[in-house]
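What you see is a predicted model; the values in this text were computed from it and never measured.
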Amino acid sequence: IVPSHSSRVLRSATGTPSYTSALDQPVLFSEAGAITWGAVTIAAITVRKIEVSSDNKIAARTGFGTAQTAEPVPSGPMDVLIRCELEWSSDDVVDAFLADTDDDLSVTFTGLNSHTLQISGGNCYVEECSDPINNEGIVTQSVVFRTQSVTGHEGLKLILVNSQSSAVAA
């Protein structure tokens, strides 16, 4: 998010942040639901790791002979990667990878008191997929999803819902 110059607000005094530990209810990794990707559902119990990274492709605009810059502008479509390490349970992801499938991806974490975090990627396709068997134990699958930011589909959408009904928590 890049604010424009007109959104600047001068403050005459600093605020005093407060924190109430009784309201500290984080949404934990262990509270994730299944990952859905089109017709493919990956059970939450099989997800060992998930990592989301993005590059919003905002370019700086430097001027010749000045230290000031102009307002940044988009230089390309947003690039989002969602890396997952899964316990292998079926060939569904590999089959979709080989079929060059693209569809929306979503995972929702639901914490205490209905606090939720939903991570959604529009028009995801599998960029990399491997399930090497190189030793004994649980067979894992490494999957990299890439989202495509196009008209009508966000590259990445994060929805965070805090069930606290008042702006000031007591």
Side-chain angles (χ1 to χ4, degrees), residues 1-4 7 17 19-20 23-60 71-132 138-169:
I1 299 174
V2 179
S4 67
S7 66
Y19 176 77
T20 306
L23 298 175
D24 182 19
Q25 298 171 343
V27 177
L28 304 173
F29 181 82
S30 60
E31 297 167 334
I35 296 175
T36 56
W37 176 52
V40 176
T41 299
I42 302 165
I45 194 70
T46 65
V47 179
R48 298 170 64 107
K49 182 170 89 173
I50 186 168
E51 174 188 324
V52 179
S53 61
S54 69
D55 180 359
N56 60 6
K57 303 287 193 214
I58 300 292
E71 188 171 332
V73 294
S75 64
M78 177 186 276
D79 187 24
V80 179
L81 295 177
I82 302 171
R83 291 180 174 85
C84 300
E85 184 180 318
L86 315 168
E87 291 181 10
W88 180 88
S89 59
S90 73
D91 286 329
D92 291 347
V93 176
V94 174
D95 292 343
F97 171 59
L98 295 174
D100 203 23
T101 302
D102 72 331
D103 213 327
D104 294 345
L105 180 136
S106 178
V107 60
T108 301
F109 299 80
T110 304
L112 298 173
N113 296 326
S114 300
H115 296 328
T116 60
L117 170 62
Q118 181 182 17
I119 301 170
S120 300
N123 286 351
C124 280
Y125 64 93
V126 177
E127 186 172 85
E128 297 175 26
C129 183
S130 66
D131 46 357
I138 297 171
V139 177
T140 60
Q141 194 172 42
S142 177
V143 182
V144 177
F145 294 96
R146 180 179 292 275
T147 69
Q148 303 174 81
S149 177
V150 295
T151 304
H153 289 277
E154 300 86 1
L156 177 66
K157 185 184 338 182
L158 302 173
I159 300 173
L160 180 62
V161 177
N162 178 350
S163 63
Q164 180 64 32
S165 61
S166 68
V168 179

>> Tell me which one of Ile42, Val143, Val126 satisfies side chain to side chain contact (heavy atoms under 4.5 Å, CB included) with Trp37.
In response: Val126
For residues 74-84, please give each side-chain donor-acceptor pair under 3.5 Å, one per line with the distance, not counting sequence neighbours.
| residue | atom | partner | partner atom | Å |
| --- | --- | --- | --- | --- |
| Ser75 | OG | Lys57 | O | 3.0 |
| Asp79 | OD1 | Arg146 | NH1 | 2.1 |
| Asp79 | OD2 | Arg146 | NH1 | 3.0 |

> If every non-hydrogen atom of Gly122 is compared with every non-hydrogen atom of Thr147, which pair is closest and at what distance?
Replying inline: O-CB, 3.4 Å
> So which heavy atom on Gln141 is nearest to which on Ser90, and how close?
Replying inline: NE2-O, 4.2 Å
> To the nearest 0.5 Å, what is the distance between OG1 (Thr116) and CG (Leu160)?
Replying inline: 7.0 Å
> From Leu105 CG over to Leu156 CG, what is the distance, rounded to the nearest 0.5 angstrom?
Replying inline: 10.5 Å
N/O donor-acceptor pairs under 3.5 Å from side chains in residues 46-54, not counting sequence neighbours:
| residue | atom | partner | partner atom | Å |
| --- | --- | --- | --- | --- |
| Thr46 | OG1 | Ala43 | O | 2.6 |
| Arg48 | NE | Glu85 | OE2 | 3.3 |

>> Working to the nearest 0.5 angstrom, can you tell me the gap between Asp100 CG and Asp102 CG?
In response: 7.5 Å
> In chain order, what residues pass the side-chain contact (heavy atoms from CB on, under 4.5 Å) check against Leu98, with sequence neighbours excluded?
Replying inline: Val94
> How would you list, by chain and number, every residue that makes a side-chain contact (heavy atoms from CB on, under 4.5 Å) with Ser142, sequence neighbours excluded?
Replying inline: Ser130
>> So, taking the atom named CG in Asp104 and the one named SG in Cys124, what distance separates them when rounded to the nearest 0.5 Å?
In response: 7.0 Å
> Listed by chain and number, what are the salt bridge (charged side-chain N to carboxylate O under 4.0 Å, His left out) partners of Asp95, not counting sequence neighbours?
Replying inline: none
>> Going by the rule salt bridge (charged side-chain N to carboxylate O under 4.0 Å, His left out), which residues pair with Glu128 if we only count those two or more places apart in sequence or in a different chain?
In response: none
>> Using 0.5 Å steps for rounding, measure from the CG atom of Asp103 to the CG atom of Asn123.
In response: 8.0 Å
> Which pairs with one or both residues in residues 71-107 pass ring-ring contact (aromatic ring centres under 6.0 Å, His included), sequence neighbours excluded?
Replying inline: none
> With sequence neighbours left out, which residue pairs that include part of residues 105-123 fulfil the salt bridge (Lys or Arg N to Asp or Glu O under 4.0 Å) condition?
Replying inline: none
>> Test of understanding: with salt bridge (charged side-chain N to carboxylate O under 4.0 Å, His left out), list the residues that count as partners of Asp92, not counting sequence neighbours.
In response: none
> Any donor-acceptor pair under 3.5 Å linking the side chain of Thr101 with the backbone of Ala96?
Replying inline: yes
